[in-house]
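First comes the structure, then the notes that go with it.
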Number of protein chains: 2
Amino acid sequence: MTTVHDLTIGQLAERAGVATSALRYYEERGLIGSHRTSGNQRRYEQATLRRVAFIRAAQNVGLSLEEIGEALASLPEGRTPTKRDWHRLSRAWRPRLDEQIDRLERLRDRLDGCIGCGCLSLKACALYNPEDELAAEGTGGVLLEPGHDPEPGDLRRGRR
Amino acid sequence: MTTVHDLTIGQLAERAGVATSALRYYEERGLIGSHRTSGNQRRYEQATLRRVAFIRAAQNVGLSLEEIGEALASLPEGRTPTKRDWHRLSRAWRPRLDEQIDRLERLRDRLDGCIGCGCLSLKACALYNPEDELAAEGTGGVLLEPGHDPEPGDLRRGRR
DNA sequence: CTGGAACCTCAAGCTCGCATGAAGTCAAGC
DNA sequence: GCTTGACTTCATGCGAGCTTGAGGTTCCAG
């Protein structure tokens, strides 16, 4: 499998549009793999380029490297992922994307009315705590909102 | 203007659902203001609650405090913002929200096809660099993608 | 065979958005 | 007037996601 088409870290970095330091970091975090030359230099398979592209796309959406790593972990270890593998992985993410799009659309659509009317600061507001509406249960991992503390306040309880 | 209805930092924190340390930090960053009692304690106007709510909502969408600060800076300094002020601010943000929603939708809609078909790693791909398609000029500040470096790579140039 | 670019491994540093702790001050109920 | 809890500043820490630098090694074109 170690063919002449393997990429050096510099080549992968340039073609993926990331820094070499980032690639080493991804490897340290277990997001990508590599093998080594006899001189201990990293060599990457072509397929790694796709993995890196996936990582960057996922980061764009606001996912942490840990979450991305979990997703990538579902890809086969021994062989190069097939189209079917990627397809399965991408399907798993659709709900998350949909949810985030929903949040954004709610924010956009309510920004005028909600902020303008004053409910933003005075009543329970979907703009401020969008999940109360749809799901009382935690959906497990809120995109783009780390450290979401559970204490109740006026903004979630109503005016008191 | 310093009425009996001013809020202590603890009250504001509870009602906004944030920690007091966060409020001090926002103030340090110039996102919110306060006045002081004779004993040097912070007091907040009611309107600050709205500002904080806005900050949290914007953070939810993935905006940095700096970006939020710039937006808030367009609000009047001397007086309590009116509905009209908030309305103007929200209008200014619509394009940014729309753009981000677009990105997400493109990502969602192409995730299956694009990743599955292999174009993700082999050709210029809207999933990976969505802005090349619509705007050659920088639109000024890419949501959710800090440190977006300008070096060209295969993923933006095509296969070479 | 040699020079220089590209690679290697640590270790330390940086930005963001706060949280935490120490040491002291203020406010309010009894 | 005293206690107690909420407040003050300032410093330090934290986790994520890298970047930078030092000091050394490998690769390859000439």
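Chain A is the first sequence line, chain B the second, and so forth, proteins listed ahead of strands; every chain is numbered from 1. Note that the coordinates shown come from a computational prediction; the quantities given were computed from them, not determined experimentally.
Taking atom CD on B:E28 and atom P on C:dC18, their separation rounds to 12 Å, with Å as the unit. If you measure from atom OH of A:Y44 to atom C1' of C:dA6, you get 13 Å, rounded to the nearest angstrom. In this entry the distance linking CD of A:E27 with P of D:dG17 reads 17 Å, nearest Å. Atom-to-atom, CD of A:E67 to P of D:dG15 comes out at 17 Å; the value is rounded to the nearest Å. Atom CD in A:Q11 sits roughly 12 Å away from atom C1' in D:dC27 (whole-Å rounding). We find that CG of A:L12 is positioned 11 Å from P of C:dC8, with the value rounded to whole Å. The CG-P distance, from B:D6 to C:dC26, rounds to 19 Å in whole Å. Atom CZ of B:R43 and atom P of D:dA6 are 13 Å apart (whole Å).
Remark: A:R56 is in phosphate contact with D:dC18, judged by side-chain N or O atoms under 4.0 Å from OP1 or OP2. Contact between the side-chain N/O atoms of A:Q59 and the OP1/OP2 oxygens of D:dC18 is found at a separation under 4.0 Å. One finds a side-chain N or O of A:R42 lying less than 4.0 angstrom from the OP1 or OP2 phosphate oxygen of C:dT9. Of the side-chain N and O atoms in A:T8, none sit less than 4.0 angstrom from OP1 or OP2 of C:dA6. Between A:T20 and C:dC7 there is no side-chain N or O to OP1 or OP2 distance below 4.0 Å. Neither OP1 nor OP2 of D:dT26 sits under 4.0 Å from any side-chain N or O of A:S38. One finds a side-chain N or O of B:Y26 lying less than 4.0 angstrom from the OP1 or OP2 phosphate oxygen of C:dC18. OP1 or OP2 of C:dA6 has not a single side-chain nitrogen or oxygen of A:R24 nearer than 4.0 Å.
Nearest-nucleotide positions on DNA chain D place A:L23 closer to the 5' end than the other of A:G39 and A:L23. When each of B:I55 and B:N40 is assigned the nucleotide of DNA chain C bearing its nearest heavy atom, the one mapping closer to the 5' terminus is B:I55.
Set against D:dT19, C:dG17, D:dC27, the side chain of A:T37 has D:dC27 as its closest nucleotide. Among the nucleotides C:dG17, D:dC27, C:dA27, the one closest to any side-chain atom of A:Q41 is D:dC27. Which of C:dC8, D:dC18, D:dT8 sits closest to the side chain of A:I9 comes down to C:dC8. Distances from the side chain of A:Y25 to the nucleotides C:dC8, C:dA27, D:dC18 place D:dC18 closest. Comparing atom distances between the A:R36 side chain and each of C:dG17, C:dT9, D:dG17 picks out C:dT9 as nearest.
A donor-acceptor pair shorter than 3.5 Å cannot be found between the side chains of B:E45 and B:T48. For the 3.5 Å distance criterion, the side chains of A:S34 and A:E27 qualify, holding a donor opposite an acceptor.
Of all the heavy atoms in A:S74 and A:A71, the pair that sits closest is OG-O, 2.8 Å. B:P76 and B:R88 get closest at one heavy-atom pair: CD-NH2, 4.5 Å. Taking both residues in full, the closest heavy atoms of A:Y44 and A:G33 are given as CD2-O, 3.3 Å, listed atom of the first, atom of the second, then distance. Considering all non-hydrogen atoms of both residues, A:L31 and A:I68 come closest at CD2-C, 4.2 Å.
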